[in-house]
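Below is one structure, written out as structure tokens; the observations come after it.
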Amino acid sequence: HAETHIDMGLDRVRAVKERLQLAFSCPVIMVAGTNGKGSTCAMLEAVALQAGYRPGVYTSPHLVHFEERCRIHGEIVAADDLVPHFEAVEAARTGGDEAVSLTYFEFTTLAILRLMSQARLDVAILEVGLGGRLDATNVVDADCAVITSIDIDHVEFLGPDRESIGWEKAGIMRPGRPVVVSDPVPPESVIRHAREIGAGLDVRGQVASPTF
């Protein structure tokens, strides 16, 4: 059985992110959902490449080699290019008043985000690992959120039904910024959260809200 213990919460990841002074100077698109996240990221990357932009993509998990989790301008990053960013995360994790514990996913996410933030990108495309609200990628404020299909997944962490799971995935939305929902019948929790925070909601097959 897969390991089911996950230390949920973003405080530790945010603390190390701040120590790293990690920030993006390009637009960030974040993709959450039950199915279709990877293909959505790949399509966004292909559009950016065809348009002459320099995209970076973070996706997980990898199939064979860890480096598959990050592509810069369409190319998988080299292992040697990742090493300094692992070292930087470890130095930041242990370099404050007290060491911060990070999970494997949190540690590697921060390293890849740091690499991408320094890669002179035109757009960063980030795939959420689990859920959305408490996923390590969500320490970055997305300029545009994309939510694909919403189905019953990871109920031990996200809740037992589409409404609770949808609410977790809606956590990647930001006030005043667009969110595209491709689920044809999204949970009401997704619609409600977008309206509550004033995100620009665009649901497939529906008219976009006035704030979009």
Side-chain angles (χ1 to χ4, degrees), residues 6 10 12-14 16-49 51 53-90 92-93 102-148 153-154 168-169 171-174 177-180 182:
I6 295 179
L10 292 180
R12 295 168 296 97
V13 186
R14 283 200 187 98
V16 179
K17 173 179 176 278
E18 290 171 4
R19 292 180 187 181
L20 289 166
Q21 297 183 310
L22 196 160
F24 282 86
S25 58
C26 67
V28 175
I29 302 173
M30 191 172 298
V31 181
T34 305
N35 297 300
K37 296 192 299 288
S39 56
T40 298
C41 290
M43 284 188 284
L44 289 168
E45 177 189 31
V47 169
L49 286 168
Y53 294 113
R54 177 178 169 86
V57 181
Y58 171 43
T59 186
S60 63
H62 57 275
L63 295 177
V64 180
H65 302 291
F66 178 86
E67 302 92 287
E68 295 168 18
R69 294 181 179 226
C70 182
R71 294 189 299 276
I72 301 295
H73 203 210
E75 299 293 331
I76 294 174
V77 298
D80 288 346
D81 292 337
L82 281 165
V83 172
H85 300 285
F86 285 129
E87 293 173 342
V89 172
E90 179 62 13
R93 185 186 73 79
L102 294 173
T103 66
Y104 168 87
F105 182 76
E106 292 166 345
F107 189 102
T108 54
T109 294
L110 284 168
I112 291 174
L113 291 178
R114 186 174 188 269
L115 182 152
M116 292 176 67
S117 73
Q118 298 180 9
R120 304 180 310 281
L121 300 177
D122 294 315
V123 60
I125 302 163
L126 309 179
E127 178 187 350
V128 170
L130 171 65
R133 183 175 64 93
L134 297 177
D135 190 76
T137 56
N138 202 34
V139 295
V140 176
D141 290 325
D143 296 285
C144 177
V146 179
I147 299 177
T148 64
D153 65 335
H154 301 290
E168 291 289 346
K169 296 183 189 304
I172 67 169
M173 301 177 187
R174 293 297 187 269
R177 298 183 182 179
V179 52
V180 179
S182 65

Do any N or O atoms from the side chain of [X] and from the backbone of [Y] form a donor-acceptor pair under 3.5 angstrom?
X    : Y    : result
D141 : R174 : no
K37  : G33  : yes
T137 : V128 : no
R54  : A119 : yes
S117 : R114 : yes
E68  : L63  : yes

Quick check for you: to the nearest 0.5 Å, what is the distance between [X] atom [atom1] and [Y] atom [atom2]?
X    : Y    : atom1 : atom2 : value
L130 : E168 : CG    : CD    : 8.5 Å
L10  : R133 : CG    : CZ    : 8.5 Å
L102 : R93  : CG    : CZ    : 6.5 Å
I72  : L121 : CD1   : CG    : 5.0 Å
R120 : H73  : CZ    : NE2   : 11.0 Å
F107 : R12  : CZ    : CZ    : 13.0 Å

What pairs with R69 under salt bridge (charged side-chain N to carboxylate O under 4.0 Å, His left out), at least two apart in sequence or on another chain? none
Donor-acceptor list for residues 74-82 side chains, cut-off 3.5 Å, not counting sequence neighbours:
none

The complete set of salt bridge (charged side-chain N to carboxylate O under 4.0 Å, His left out) pairs with one or both residues in residues 20-31, sequence neighbours excluded, reads none
Please name the pair of heavy atoms, one in A142 and one in M30, separated by the smallest distance, quoted to 0.1 Å.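 Heavy atoms of A142 and M30 come nearest at CB-CB, 3.7 Å.
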